[in-house]
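These notes concern the structure reproduced below.
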Amino acid sequence: MLTRKEFLLGVLSCSAAALAPAVHAQTNDKTLVVYYSWSGNTRQLANAIAKELDTYIYEIEVKKPYPDQYSETLDLVREQMRKGQLPEIVEDGPDFSEFSTILLGSPIWCGHASRPVMAFLEKYDLSGKVILPFATHGGGGISQYVDDIRTKYPQADIRSSFSSRGTSYRTEAIRQWHRENKLL
Ligand SMILES: Cc1cc2nc3c(=O)[nH]c(=O)nc-3n(C[C@H](O)[C@H](O)[C@H](O)COP(=O)(O)O)c2cc1C
């Protein structure tokens, strides 16, 4: 049985630095980085993405955290997906309606957005916003994540996505993505 930390350090070659807490950073106009992370990879990528922009960053948290064990989390996630269940998320975020552009990050879970990000999509109205999806995965790629967002928000302006296997992203690739989307 793998603990969350073992999973992070070993199985998917993730970095210990990924456990650093989220930075609730400087403000700017109307761009926000929002993400969920179970074992730290997406948090690390989100911080790297936000660092290049002068923007807020917000971490989605679940009221009842997922288990530390990978296999238990996987079982629970599969069950939630089968039953169409979403976890309750903490409602301590900013007023999302104030932001016109949201960079939305998730780990890939079973080929899809993580359940907490699905819960976020369900709870807040993102229609009419510019959305830039980003994700970390274990080798399967971004899979259905962008389609999950598009299915929920057919009216949103969904721009190009960014993904990395674990934390194997390059800062220059993040900058390029920002430039492509005219954020830099
Ligand atoms: C429940 C669960 C399901 C996963 N499913 C996939 C998957 O379908 N494809 C994939 O490439 N990686 C999968 N992974 C690996 C994670 O996407 C990957 O380790 C990611 O970087 C973890 O991000 P985090 O540290 O922010 O939680 C899964 C991990 C978990 C915990």
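Values below: all heavy atoms of this structure, side chains included; hydrogens, waters and symmetry mates excluded. By convention here, the first residue in the shown sequence is residue 1. Quantities reported herein were computed from a predicted structural model and do not represent experimental measurements. Numbering of ligands and ligand atoms starts at 1, following listing order.
- Close N/O approach between W38 and ligand 1 is found [any backbone or side-chain N/O within under 3.5 Å].
- For ligand 1, the polar-atom distance check against S39 finds a nitrogen or oxygen pair separated by under 3.5 Å.
- Considering backbone and side-chain atoms together, G140 places an N or O closer than 3.5 Å to an N or O of ligand 1.
- Remark: of the listed residues I57, L53, L32, V130, L53 is the sole one forming a side-chain contact (heavy atoms from CB on, under 4.5 Å) with L103.
- Note: I131 CD1 to R159 CZ = 11.0 Å, rounded to the nearest 0.5 Å.
- Checking only distances, C110 does come within under 3.5 Å of ligand 1, N or O to N or O.
- In summary, the atoms of ligand 1 found under 4.0 Å from a heavy atom of N41, numbered by their order in the structure, are 19 (O), 20 (C), 21 (O), 22 (C), 23 (O), 24 (P), 25 (O), 26 (O).
- Taking a cut-off of under 4.0 Å to the non-hydrogen atoms of G111, the atoms of ligand 1 that pass are 7 (C), 8 (O).
- Below 3.5 Å of separation, one finds no N or O of T73 facing any N or O of ligand 1.
- The ligand atoms of ligand 1 that sit less than 4.0 angstrom from a heavy atom of G139 are 11 (O).
- Considering backbone and side-chain N/O atoms, G40 comes within less than 3.5 Å of an N/O atom of ligand 1.
- Here's the thing with G166: none of its N/O atoms is less than 3.5 angstrom from an N/O atom of ligand 1.
- Ion pairing between E88 and K64 fails under the 4.0 Å rule for side-chain N and carboxylate O.
- Close approach of ligand 1 to S37 (heavy-atom distance below 4.0 Å) involves ligand atoms 24 (P), 25 (O), 26 (O), 27 (O).
- For the pair T136 and ligand 1, the shortest N or O to N or O distance falls below 3.5 Å.
- Shortest non-hydrogen contact noted between G141 and I108 is O-CG1, 3.6 Å.
- By the 3.5 Å distance cut-off applied to N or O atoms, G141 is not counted among the residues near ligand 1.
- Between S100 atom OG and D157 atom CG the span is 10.5 Å, to the nearest 0.5 Å.
- Between Y36 and ligand 1, a contact under 3.5 Å exists for no N or O pair.
- With hydrogens and angles left out, the side-chain atoms of Y66 and Q80 include a donor and acceptor closer than 3.5 Å.
- The option from I108, T167, D75 that lies nearest to atom 6 (C) of ligand 1, judged by heavy atoms, is I108.
- Using a 30° and 60° split on the angle between ring planes, W177 and F162 fall in the tilted class, from 30° to 60°.
- Salt bridge present: E172 and R175 bring a charged side-chain N and a carboxylate O closer than 4.0 Å.
- The heavy-atom pair separating I149 from P133 by the smallest distance is CD1-CB, 3.7 Å.
- Near L74, the atoms of ligand 1 lying under 4.0 angstrom from a non-hydrogen atom of the residue are 1 (C), 3 (C).
- For Y36 and E59, the side-chain atoms include no donor-acceptor pair closer than 3.5 Å.
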